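Counting from 1, the numbers follow the sequence of the chain as shown. Owing to the predicted nature of the structure, the values given are computational and were not obtained by experimental measurement.
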Amino acid sequence: MSEYDRNAVSTTQETSQGFNLGAALGVGGPEVKEKVDKAENFKGTVIRLIKYLKPQALSLFAMMAIAAIGAWFGIWVPDIMKKVTNCLVDSLQYFTDIRAVELGGNGQLYSYIAPILWTCAGLYVLNALFQFTSGMIAASMSQRVVRRFRTDVKNKLDHVPLSYFDATPTGEVLSRFTIDIEMISTTLQESINQIITGVMTVIGVFIMMARIDWLLSIVALVSLPLLFFVSRIIIKKSQIEFARQQQRIGELNGHIEEMYTGHRVVKLYSHEAESIEDYEAINRELRKATRKSQFLAGIILPSIKFINNLCYVGICVGGGFRAGSGLITIGDIQALLQYTRSFAQPIEQVSNIANTIQSAIAAAERVFQVFDLEEMTEETKTPASVANVQGRVDIEHLAFSYDKSKQLITDLSLHVNAGESIAIVGPTGAGKTTLVNLLMRFYDIDAGRILIDGVDMNDYTRDDIRSLYGMVLQDTWLFNGTVADNIAYGNPGATREQIVAAAKEAYAHSFIETMENGYDTVLNEDASNISQGQKQLLTIARAILKNPKIIILDEATSSVDTRTEKYIQSAMLAMMEGKTSFVIAHRLSTIKSASVILVMNHGDVVEQGNHETLMAKKGFYYELYQSQFAGVNDDNRNDDTSQFRQT
């Protein structure tokens, strides 16, 4: 949904939508959403969706045809059954014995009535088989469409610029794969089938009624718009109340989650009483909303039945007069009454499905918006090889901006020899991380060029460029899997011996061995079953195992204790040996011994040199350093920075 809220309250509300309070209270109600999504371009999206479904055209038409035929089988039964009724009425009226001939009857029970009953049973069986077949085709078709949608969305997102993910919340991206595509699938699988069946039932019933008696069929026809009008009004009002109910449920769940998440703080400040008062207030509002929503939901079916019963009575009375005049038979009246009963269900189904159709088209529109995203520039047709790359980096007059109206990097030039360690410092927003992103070609530059071993970066493929890099970031990322799988993420073909060797080099082997299953220990989804320092050591082991030509470090020790920091620094020293390294430093004490320090501000390198040279200049670096360590003696500063010396 375009209005998916990403804040805590709305997330709770969205989660609570699956909770059916009516079911919990033992009463029914229509399934409604807080708001029915509508496509901005409904017609255009429908046309585009039809074109997208073209490969499934045969399945779609087969499903619709089989559903329609199955509905007709069920519609024919009352028209055939009236013959049995007429036969029985005649036998009673004229005292005719319909038993077998050998029992003194005329044999109509077996020769006439029984075949009709078997025919009706056969029609009902065919109706069930056709509906089942239609459902199976719809399920198979919808899954193929879902698979194609997800594959196409995934392939598209693989080719869009990283700026899309920067500007789009993760939940919004994931909703394309889950909620939106699933909505389209559900509509294809269920709603279209129900609409075809419902429409065919209404049309077929009216045709059969008109064949029997056109005057009485008008009575049923008049009830159609009345049924639709009443059901729509009540459902529309009930949706408002159900939305209010869902909102209150969201508030209640949000309050409970908040209070129990922070229950220590609540108890510390003795706010239990206020918490309970807030809970009771929300609960009272929920009770009011629930009463209204369940009342409206409860009168939908009685209202439809009431109108249908009026039609039923009208046909009974009118049919009696028509039968008394000899214009129709008792069997005709019975068939008409059966058909009258068949009118209400399709109207109710179509009323409920209308919102689902709207939401499905809106979901399709959002998926198509992904297809319309601008893609990254095309790869070169004749890419250069990275097999013998040493790691020399040259940046020539680089210009880049996220927003074309506001330039970030204007004219950046830099030469880095293979195996050289470069520290990058500067205030927040200076362009440190941007420079790293450009080196890995996450963004395309506006002007200038970046060369690796003298070859323009654009002459390599993006995958080849990124294969040269290893990264250790401040925010670690580990996935739900074994420790060994996480270490081997950058080198899936690595042997267990290679994984263990990388872990030993990263000083991670000792703590891994103490875990319950060693390298086969499964990390949970957010790796909360290991410490922050252990996470960092595993990411360093991952980078070591990949054996990249260029290393990027983003202050990997800023959130760990001093002892763990020394282990991480030693591991990084081993990893950086002989590699070209870019170290983004937030704590200037960690880069005093770096061979070259790049000082960035407003997207440009404003100073360059080693620590002593830059301090002697008393320029921007000097001011930055003094502001960070004002009043602190040099001897007391953390000066364990030998890991960044040129090797």
Side-chain angles (χ1 to χ4, degrees), residues 389-391 418-421 466-585 590-591 593-594 638 640-647:
V389 168
Q390 299 301 310
E420 193 172 27
S421 295
R466 290 159 194 168
S467 69
L468 299 173
Y469 288 91
M471 293 183 66
V472 180
L473 305 177
Q474 182 177 350
D475 297 323
T476 58
W477 180 80
L478 298 171
F479 58 87
N480 181 211
T482 65
V483 170
D485 289 340
N486 273 277
I487 294 175
Y489 187 73
N491 186 3
T495 63
R496 178 55 66 96
E497 291 74 18
Q498 291 173 319
I499 293 172
V500 173
K504 288 180 178 178
E505 196 171 345
Y507 296 89
H509 178 73
S510 57
F511 87 80
I512 294 174
E513 286 291 284
T514 63
M515 300 176 77
E516 183 178 359
N517 297 311
Y519 285 85
D520 294 318
T521 301
V522 177
L523 303 179
N524 55 28
E525 195 166 333
D526 56 355
S528 59
N529 50 342
I530 60 176
S531 71
Q532 182 64 34
Q534 290 169 338
K535 292 180 189 179
Q536 204 64 269
L537 291 174
L538 289 182
T539 60
I540 293 173
R542 176 194 293 168
I544 291 173
L545 184 60
K546 185 181 179 182
N547 192 27
K549 299 294 183 181
I550 306 172
I551 301 288
I552 292 175
L553 303 174
D554 187 358
E555 196 59 75
T557 63
S558 62
S559 58
V560 297
D561 59 85
T562 305
R563 183 179 180 183
T564 305
E565 180 179 1
K566 291 186 177 182
Y567 281 116
I568 294 175
Q569 287 174 342
S570 299
M572 288 192 298
L573 174 61
M575 178 177 60
M576 293 167 60
E577 186 173 355
K579 306 288 195 304
T580 304
S581 305
F582 291 89
V583 182
I584 299 177
T590 63
I591 49 85
S593 299
N638 178 12
D640 188 9
T641 57
S642 60
Q643 74 272 19
F644 298 130
R645 295 184 187 275
Q646 182 64 39
T647 57

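- You'll find the side chain of L478 reaches within 4.5 Å of the side chain of I530, heavy atoms only.
- Summarising the geometry, atom CD1 belonging to I487 is positioned 12.5 Å from atom CD belonging to Q498; distances are rounded to the nearest 0.5 Å.
- Under the rule for a side chain to side chain contact (heavy atoms under 4.5 Å, CB included), the partners of N491 that lie at least two apart in sequence or sit in another chain are A494, L545.
- Residue pairs that meet the ring-ring contact (aromatic ring centres under 6.0 Å, His included) test with at least one member in residues 482-506, sequence neighbours left out, are W477-Y489, F479-Y489.
- Between the CD1 atom in I550 and the CD atom in Q390 there is a gap of 11.0 Å [rounded to 0.5 Å].
- Pairing each heavy atom of V472 with each of A543, the nearest pair is CG2-CB, 4.2 Å.
- Between the side chain of T580 and the backbone N or O of G419 there is at least one donor-acceptor pair closer than 3.5 Å.
- Taking each heavy atom of G470 and P548 in turn, the nearest pair found is N-CB, 3.4 Å.
- Going from atom CD1 of I584 over to atom CG of L553 covers 9.0 Å, rounded to the nearest 0.5 Å.
- The salt bridge (charged side-chain N to carboxylate O under 4.0 Å, His left out) pairs that include a residue from residues 477-500 are R496-D520, where partners are two or more places apart or lie in different chains.
- Atom-to-atom distance recorded for L468:CG and I551:CD1 is 11.0 Å, nearest 0.5 angstrom.
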Can you list, pair by pair, the side-chain donor-acceptor contacts under 3.5 Å of residues 502-517, counting residues two or more places apart and other chains?
from : atom 1 : to   : atom 2 : distance (Å)
H509 : ND1    : Y519 : OH     : 2.6
T514 : OG1    : F511 : O      : 2.6

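- When atom types are taken as modelled, the side chain of R542 and the backbone of G490 share no donor-acceptor pair closer than 3.5 angstrom.
- In terms of the side chain to side chain donor-acceptor pair (under 3.5 Å) criterion, residue partners of T539 (sequence neighbours excluded) are, by chain and number, Q536.
- Considering all non-hydrogen atoms of both residues, I499 and A488 come closest at CD1-CB, 3.9 Å.
- Annotation: the span from S467 atom OG to K546 atom NZ amounts to 6.5 Å, rounded to 0.5 Å.
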